[in-house]
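All remarks here apply to the structure that follows.
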Number of protein chains: 2
Amino acid sequence: MGVFSKTCEYAMRAVFYIASSTISGNRVGIKEIASKIDSPEYFLAKILQDLSRKGLISSVKGPNGGFYIEGEALNRPLADIVTAVDGDEIFNGCGMGLAHCSETNPCPLHHEFKKVRNQITHMLTITTIGQFNKELGNGLISLKKS
Amino acid sequence: MGVFSKTCEYAMRAVFYIASSTISGNRVGIKEIASKIDSPEYFLAKILQDLSRKGLISSVKGPNGGFYIEGEALNRPLADIVTAVDGDEIFNGCGMGLAHCSETNPCPLHHEFKKVRNQITHMLTITTIGQFNKELGNGLISLKKS
DNA sequence: ATAAATTAAGATAAAAAAGTCTTTTATTGT
DNA sequence: ACAATAAAAGACTTTTTTATCTTAATTTAT
């Protein structure tokens, strides 16, 4: 089990890929995205429909249609995608699954786990959806098993 | 979705509870553990059977039987429990689910996610199974919604 | 030895997550 | 207007995770 659900992993990879295509001036279809990020096509379609409904990505139907990301949405933190897909448990949940764990009623892992959560939050906050396009373009960073 | 599976959360809570009882000189039965850590009894039974088979905890059947933890097992890192239940993906998996993500073929999150993983590993390595007994005993730390 | 207590094991069941297929709706180019 | 294209929506299936119940095997105390 990873830190994020599979759905969320696919979503993050797809969004980076779409962002990269958008910067290059192209809309991109579900088939291409799925194949480029190694995800099941129909399943990814559902995920992107959801992100589209929530306004995190955009799409147009028909010939030359496909997915893209609005200019300002490119500056959103990746955290927005994670929250949309997995909810916010990862940002403030207890490591041991206790509903009432808190500073005043801490679980055994509380203080150390807080650092983990903070690091995750930091990672997802400083990372924006559109920020890797250069590296993706020149192959310095990968979305796929190469 | 949390960082650990529900199974793993129950396992960690149960192990801390058993350790605490062991230090107090008692074996503890499945009913008591389940009720004290807020977990489904039969499900927890399966989990503890598994941990017992793997030698991480011990048990005896019959009257006055129950679960306990051998002296030296109390010094094991919590990481051993997590590995037994959830495997080692949490310690070295890619944040975006890419099988071939690595230093030389990094995903967009690689460098930041490495810090997350390291923090998790650190937390689970420095934390030993038996180390919270004092705090648990005096109520400074909790395994249950109180 | 026997009865009671307690974990182990096996068999299901229910719920959630992941994955697939089909039909509908919207858009574009001709 | 029409045909082709591509996403949206809906229905369904499969797999995995979580949860429950029943029976068997041990152990202890009497």
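First the proteins, then the strands, lettered A, B, ... as listed; each starts at 1.
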When you match A/Ser5 and A/Gly65 each to their closest nucleotide on DNA chain C, which lands nearer the 5' end? A/Ser5
Would you please say whether a donor-acceptor pair under 3.5 Å links the side chains of A/His110 and A/Glu103? yes
Donor-acceptor contact below 3.5 Å, side chain B/Arg117 vs main chain B/Gly93: yes
For a 4.0 angstrom threshold against heavy atoms of chain B, report the outermost contacting nucleotides of DNA chain C in 5' to 3' order. C/dA4 to C/dA11
Would the number of heavy atoms belonging to other residues, nucleotides or ligands and lying under 6.0 Å from CG of A/Asn64 be above 12? no
Assess the side chains of B/Asn26 and B/Ser21: does a donor N or O sit below 3.5 Å from an acceptor N or O? no
Could you tell me if B/Asp88 and B/Thr83 have a donor-acceptor pair between their side chains, going purely by distance under 3.5 Å? no
Determine yes or no for a side-chain-to-main-chain donor-acceptor pair under 3.5 angstrom, with B/Arg76 supplying the side chain and B/Ile81 the backbone. no
Validation row: A/Ile126, A/Leu78 side chains within 4.5 angstrom (heavy atoms): no
Parallel under 30°, tilted from 30 to 60°, perpendicular over 60°: which one fits the rings of B/Phe4 and A/Phe113? tilted
What is the nucleic acid contact for A/Leu48, judged by heavy atoms within less than 4.0 Å: base, sugar-phosphate only, or nothing? nothing
If you pin B/Lys61 and B/Cys8 to their nearest nucleotides in DNA chain D, which one's is more 5'? B/Cys8
Find which nucleotide of DNA chain C each of B/Gly66 and A/Glu41 is nearest to by heavy atoms, and output the residue with the more 5' nucleotide. B/Gly66
Bounded by its outermost nucleotides with an atom under 4.0 Å from a heavy atom of chain B, the footprint on DNA chain D reads D/dT18 to D/dT28
Select base, sugar-phosphate, or nothing to describe what B/Lys46 touches, counting heavy atoms under 4.0 Å on all strands. base
